[in-house]
Asks: 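Here's a structure for you.
FYI, the numbering just counts along the sequence from 1.
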Amino acid sequence: MKKSALMSVEEALECLLQLAEREPIGESERVALDDADGRVLAEPLISPLDLPPWPNSAMDGYALRLVDWTGEPLPVSQTIFAGQAPGPLQPGTCARIFTGAPVPEGADCVELQENTELLEDGRVRFAQALRPRQHIREQGQETCRDDTVLAAGSRLGPAQLGLAASLGATELTVRRRPRVALLSTGDELVEPGRPLGPGQIYNSNRTLLHSWLKRLGCNVLDAGILPDDPQLTRTRLGELGGADLILSTGGVSVGEADCLGQILREEGELALWKLAIKPGKPLTVGRYRGIPVVGLPGNPASSLVTFALLARPYLLRRLGVQAVAPLTFPVPAGFVWSKPGKRREYLRARLGAGRAVLYPNQSPGVLLSAAWADGLVEIPENTTLAEGDPVCFIPLSEVLG
């Protein structure tokens with residue numbers, strides 16, 4: 001039988017994003033600003049005011065009317081601190097003003113205090129040429145009333161929340177948290193804290209993905225470890241009817257013990273399987289009884305790579321986020337790559353002396369490589385590299401939150 005071609009990373013991502021857009025997380029809720037970090041806006045944030053609400057000084061200095069400056073010193077008629085409402089500027093005078101203070105009516109220029117000289121009689125000499133509106137932050141310079149300052153689908157971080165606070169917001173309307181049922185498969189897995197039996201290993205994927213999903217704003221249902229038993233797998237899957245997504249690790253290949261993949265192929269719907277990616281080839285996406293299922297490979301580094309590049313964008317798109325691609329940038333390779341592969345490779349690396357340096361052991365079962373790394377290096381199919389050649393670097397900080 002002819003082997004089917006492996007799906008490219010780009011095709012798989014496009015497929016996942018199309019699936020996500022068919023089943024958006026449409027429900028929303030109001031949350032306090034302090035509880036909105038990491039959430040996704042369900043409605044645009046509209047400015048209720050001009051920001052700044054009035055012209056204010058960008059510097060400590062003196063406010064004056066340019067027509068009053070003839071080269072002669074000007075007397076100081078008032079002092080204006082931030083938080084005070086000044087009176088109109090008296091003709092022929094200047095006002096002592098501090099950063100953030102409202103510019104008095106009639107003034108059209110602010111000069112830095114270091115470019116002035118305060119004379120013994122209290123007048124101020126201006127030593128340099130002055131320009132209209134210099135050092136004045138204009139009303140509405142940042143945003144005007146009724147401007148859309150954050151679009152629906154924006155992920156909220158410290159800067160976005162600070163902006164909302166600057167507009168007086170105390171609550172925001174955000175998409176509800178996705179409900180993700182997280183399960184692992186394999187008789188060999190044991191949760192930390194229990195003794196290991198012969199041939200068993202501790203389950204690292206559950207902890208890795210649980211913390212990652214929480215960073216993405218998900219409510220995680222821990223569905224535990226599935227044994228390598230088809231009937232028990234069917235029973236457990238049938239208990240997850242309230243989930244928006246079933247996310248699993250392991251059991252998605254074609255071996256006799258790979259029950260999840262077998263059940264999806266026989267009783268569910270299979271949207272994609274087997275990618276031209278390394279690590280992570282057996283990634284499986286489908287549905288079981290109407291619930292989307294993303295089956296990640298069982299090897300820890302494979303789970304990390306495929307979740308970062310494919311499952312994470314899928315979840316974000318279901319929340320309405322449009323910009324789901326991580327930041328990437330070229331860096332010189334600090335290694336030689338002499339054996340071109342048929343699959344796109346993602347290598348755990350860190351930056352050193354301006355170059356990408358690889359972790360020595362790139363085995364998909366070695367999670368230490370990801371803990372050591374600060375990014376992934378992308379090696380395209382059928383590519384060789386000499387040291388110093390440019391490679392695409394994806395910071396892990398971009399995809400872990």
Asks: Would you please say whether a donor-acceptor pair under 3.5 Å links the side chains of Asn203 and Ser184?
Replies: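 Distance-only check passes for Asn203 and Ser184.
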Asks: Does the side chain to side chain contact (heavy atoms under 4.5 Å, CB included) test come out yes or no for Leu6 and Arg343, once each step is laid out?
Replies: CA-CA 9 Å; Leu6 301 181; Arg343 290 182 281 161; 4.0 Å; yes
Asks: Between Thr185 (side chain only) and Gly250 (backbone N and O only), is there a donor and an acceptor less than 3.5 Å apart?
Replies: yes
Asks: Could you tabulate the donor-acceptor pairs under 3.5 Å formed by side-chain atoms of residues 323-341, not counting sequence neighbours?
Replies:
{"residue": "Trp337", "atom": "NE1", "partner": "Lys339", "partner atom": "O", "Å": "3.4"}

Asks: Charged N to carboxylate O under 4.0 angstrom, Glu117 versus Arg123?
Replies: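 Between Arg123 and Glu117 there is no salt bridge, as every charged N stays at least 4.0 Å from the carboxylate O atoms.
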Asks: Do Asp60 and Gln113 have side-chain atoms, one donor and one acceptor, less than 3.5 Å apart?
Replies: no
Asks: Determine whether a donor-acceptor pair (N or O, by modelled atom type, separation under 3.5 Å) exists between the side chain of Thr284 and the backbone of Pro282.
Replies: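 Flag set: sc Thr284 to bb Pro282 pair under 3.5 Å.
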Asks: Between Glu266 and Ile263 (side chain of the first, backbone of the second, donor and acceptor by atom type, cut-off under 3.5 Å), is there such a pair?
Replies: no
Asks: List the steps and the verdict of salt bridge (charged side-chain N to carboxylate O under 4.0 Å, His left out) for Arg317 and Glu23.
Replies: CA-CA 10 Å; Arg317 183 59 59 86; Glu23 294 187 287; over 6 Å; no
Asks: Donor-acceptor pair, Ser369 side chain versus Val366 backbone, under 3.5 Å?
Replies: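 Pair found, side chain donor or acceptor close to backbone of Val366.
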Asks: Within the distance-only criterion (no hydrogens, no angle test), does the side chain of Gln78 pair as donor or acceptor with the backbone N or O of Gly87 below 3.5 angstrom?
Replies: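 Checking the backbone N and O of Gly87 against the side chain of Gln78, a donor-acceptor pair under 3.5 Å is found.
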Asks: Within the distance-only criterion (no hydrogens, no angle test), does the side chain of Asn56 pair as donor or acceptor with the backbone N or O of Val103 below 3.5 angstrom?
Replies: no
Asks: Quick one: list whatever passes salt bridge (Lys or Arg N to Asp or Glu O under 4.0 Å) with Glu188, sequence neighbours left out.
Replies: none
Asks: Is it true that Lys342 and Glu381 have a side-chain N and a carboxylate O under 4.0 angstrom from each other?
Replies: no
Asks: Going through the distances and angles, do Arg206 and Asp222 end up as a salt bridge (charged side-chain N to carboxylate O under 4.0 Å, His left out)?
Replies: CA-CA 8 Å; Arg206 188 198 68 81; Asp222 189 351; 3.2 Å; yes
Asks: Examine distances only and state if a side-chain atom of Arg236 and a backbone atom of Ala223 form a donor-acceptor pair shorter than 3.5 Å.
Replies: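 Flag set: sc Arg236 to bb Ala223 pair under 3.5 Å.
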Asks: Looking at every heavy atom in both Pro195 and Val190, which two are closest together, and how far apart are they?
Replies: O-CG1, 3.9 Å
Asks: Please report the C-alpha distance between Leu226 and Thr233 in whole Å, then the side-chain angles of each, then the deciding distance to 0.1 Å, and finally whether the side chain to side chain contact (heavy atoms under 4.5 Å, CB included) criterion is met.
Replies: CA-CA 6 Å; Leu226 286 178; Thr233 298; 3.9 Å; yes
Asks: Would one find more than 12 heavy atoms of other residues, nucleotides or ligands at under 6.0 Å from atom CZ of Arg145?
Replies: no
Asks: Is Arg96 close enough and on-axis enough to Tyr62, meaning under 6.0 Å and within 45°, for cation-pi?
Replies: yes
Asks: Indicate yes or no: does Glu142 engage Arg137 in a salt bridge with an N to O separation below 4.0 Å.
Replies: no
Asks: Please determine whether salt bridge (charged side-chain N to carboxylate O under 4.0 Å, His left out) holds for the pair Arg39 and Glu29, giving the CA-CA distance in whole Å, both sets of side-chain angles, and the decisive distance to 0.1 Å.
Replies: CA-CA 11 Å; Arg39 305 295 294 274; Glu29 58 183 345; 2.5 Å; yes
Asks: If you look only at pairs with a residue in residues 171-180, which of them pass as a salt bridge (charged side-chain N to carboxylate O under 4.0 Å, His left out), with sequence neighbours excluded?
Replies: Glu27-Arg176, Arg30-Glu171, Arg176-Asp244, Arg179-Asp244
